[in-house]
K.L.:
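I have a structure here, written as structure tokens, and I will follow up with some questions on it.
In what follows, chains are A, B, ... by sequence order, proteins preceding strands, each numbered from 1. Excluded from the calculations below are hydrogen atoms, water molecules and symmetry mates; all remaining heavy atoms, backbone and side chain alike, are included.
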Number of protein chains: 2
Amino acid sequence: MSKTRLNQLGDLQLKIMKVLWERSEATVAEVHETLARELDLAYTTIATMLRKMEGRGLVKHRVEERKFIYRPQVKEDEVASKMSAHFIEGLFEGSLADMMSHLLSTQEISREELERLEKMIAERKKKL
Amino acid sequence: MSKTRLNQLGDLQLKIMKVLWERSEATVAEVHETLARELDLAYTTIATMLRKMEGRGLVKHRVEERKFIYRPQVKEDEVASKMSAHFIEGLFEGSLADMMSHLLSTQEISREELERLEKMIAERKKKL
DNA sequence: TTTACATTATTACCACGGTAGTATTACCTT
DNA sequence: AAGGTAATACTACCGTGGTAATAATGTAAA
């Protein structure tokens, strides 16, 4: 198992995981194809990356008619949590509010988004 | 110049930058000492890292009585913004609300923090 | 059955973050 | 003047993300 460090996936690894999360499983070709519109990578690049990721325990594969079918070995939520925590820790001393404060004052945000945020927080407050 | 990729600083680099940002400038010894409680790193590790960071344009140094005095070449806000944007992009398709939604449902958050968030958002809404 | 094609295997690189030992230099103290 | 000390310079190494070319292999088509 080796409890892969989920707190830091590379950009490409993340993109690959996203494809896998969305489809539950996929062949190398499918992943490659899905990412093709976004990234111009060689087929073998994806294949290599997936193999490496399997080494890290991020994915696992089975064989079916000569093809490798990969599926995630870690949950998206888990990864998102670990990565978020790590990120917020490193940049905002772990304070979610500090991060939001910074984001609110620097990022472009629509009224809709603000309202969504407002609702979420209100909702969350109830659960306490 | 090379417009250093501010969107991705390593953990150690960030920690070093934080020291520099806080003090405006510092010698290798000061950085090393400041981080000592947290990290057990060789003096030369810090020195090397700072030299590498200077190569990337993150810091700059001047010499004073035989010592290198380093100062940041990039602003904390700028780095925080770039890194945040990159992070949110990679994990939440760029949606701040999506990130918050995830964070709110998985992270431990105190009532105080929630209220702080609430106020911030209300405040931010006014400015629109 | 030969050939083309799809797929994985093998191997190789590069960049960079991180880590640090050893060498050199220069200053300061006896 | 010799020797200690503090600082930087140089060099080296490892892990890993990313990228991919080439080789091998098996399958399907002609």
K.L.:
Measure from CD on B:Glu33 to P on D:dA6 and round the result to the nearest Å.
P.N.:
12 Å
K.L.:
Using whole Å, report how far CG of A:Leu50 lies from P of C:dA9.
P.N.:
12 Å
K.L.:
It should be established whether B:Tyr43 places a side-chain nitrogen or oxygen under 4.0 Å from OP1 or OP2 of nucleotide C:dG21.
P.N.:
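False: B:Tyr43 side-chain N/O out of range (4.0 Å or more) of C:dG21 OP1/OP2.
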K.L.:
Under a 4.0 Å N-O cut-off, is there an ion pair linking B:Lys119 with B:Glu115?
P.N.:
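Result for this pair is no, no salt bridge flagged.
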K.L.:
Output the rounded distance in Å from CD (A:Glu30) to C1' (C:dA6).
P.N.:
14 Å
K.L.:
Checking all strands, does B:Ala42 fall into the base, sugar-phosphate, or nothing category for heavy-atom contacts under 4.0 angstrom?
P.N.:
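Result for B:Ala42 = sugar-phosphate.
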K.L.:
One thing to verify: whether A:Glu64 and A:Lys67 come together as a salt bridge, which I'm taking to mean a side-chain N less than 4.0 angstrom from a carboxylate O.
P.N.:
no
K.L.:
Kindly say if A:Thr45 contacts the phosphate of D:dA20, meaning a side-chain N or O under 4.0 Å from OP1 or OP2.
P.N.:
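Looking at the OP1 and OP2 atoms of D:dA20, one of them is under 4.0 Å from a side-chain N or O of A:Thr45.
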K.L.:
So does A:Glu78 pair up with A:Lys82, basic N to acidic O under 4.0 Å?
P.N.:
yes
K.L.:
Heavy atoms only, 4.0 Å cut-off, all strands: where does A:Thr48 land among base, sugar-phosphate and nothing?
P.N.:
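Base, at least one base heavy atom under 4.0 Å.
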K.L.:
What verdict does the salt bridge (charged side-chain N to carboxylate O under 4.0 Å, His left out) test give for B:Glu22 and B:Lys18, after you've listed the backbone C-alpha separation in whole Å, the side-chain angles of each residue and the deciding distance to 0.1 Å?
P.N.:
CA-CA 6 Å; B:Glu22 194 143 314; B:Lys18 285 209 167 257; over 6 Å; no
K.L.:
Rounding to a whole Å, what distance do you find between B:His61:NE2 and D:dT8:P?
P.N.:
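Atom NE2 in B:His61 sits about 9 Å away from atom P in D:dT8.
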K.L.:
The side chain of A:Thr44 is closest to which nucleotide in this list: D:dT19, C:dA9, D:dC10?
P.N.:
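So the nucleotide nearest the side chain must be C:dA9.
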K.L.:
Expressed as a whole number of angstroms, how long is the span from A:Leu39:CG to D:dG18:C1'?
P.N.:
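My rounded result for the distance is 11 Å.
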K.L.:
Whole angstroms only, please: what is the CG-C1' distance between A:Leu12 and D:dT19?
P.N.:
9 Å
K.L.:
Without decimals, in angstroms, what is the distance between B:Glu65 CD and C:dT25 P?
P.N.:
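Computing the B:Glu65:CD to C:dT25:P distance gives 22 Å.
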K.L.:
Considering just the side-chain nitrogens and oxygens of A:Arg51, establish if one lies under 4.0 Å of OP1 or OP2 belonging to C:dA9.
P.N.:
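Looking at the OP1 and OP2 atoms of C:dA9, one of them is under 4.0 Å from a side-chain N or O of A:Arg51.
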K.L.:
Taking atom CD of B:Glu76 and atom NE2 of A:His102, what is their separation to the nearest 0.5 Å?
P.N.:
8.0 Å
K.L.:
Measure the distance from NZ on A:Lys52 to C1' on D:dA20 and round it to the nearest whole Å.
P.N.:
11 Å
K.L.:
Heavy atoms under 4.0 Å, any strand shown: does B:Gln13 hit a base, just sugar-phosphate, or nothing?
P.N.:
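B:Gln13: backbone/sugar contact only, no base atoms under 4.0 Å.
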K.L.:
Reading DNA chain D from 5' onward, which residue's closest nucleotide shows up sooner: A:Met49 or A:Arg66?
P.N.:
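Nearest-nucleotide comparison on DNA chain D picks A:Met49.
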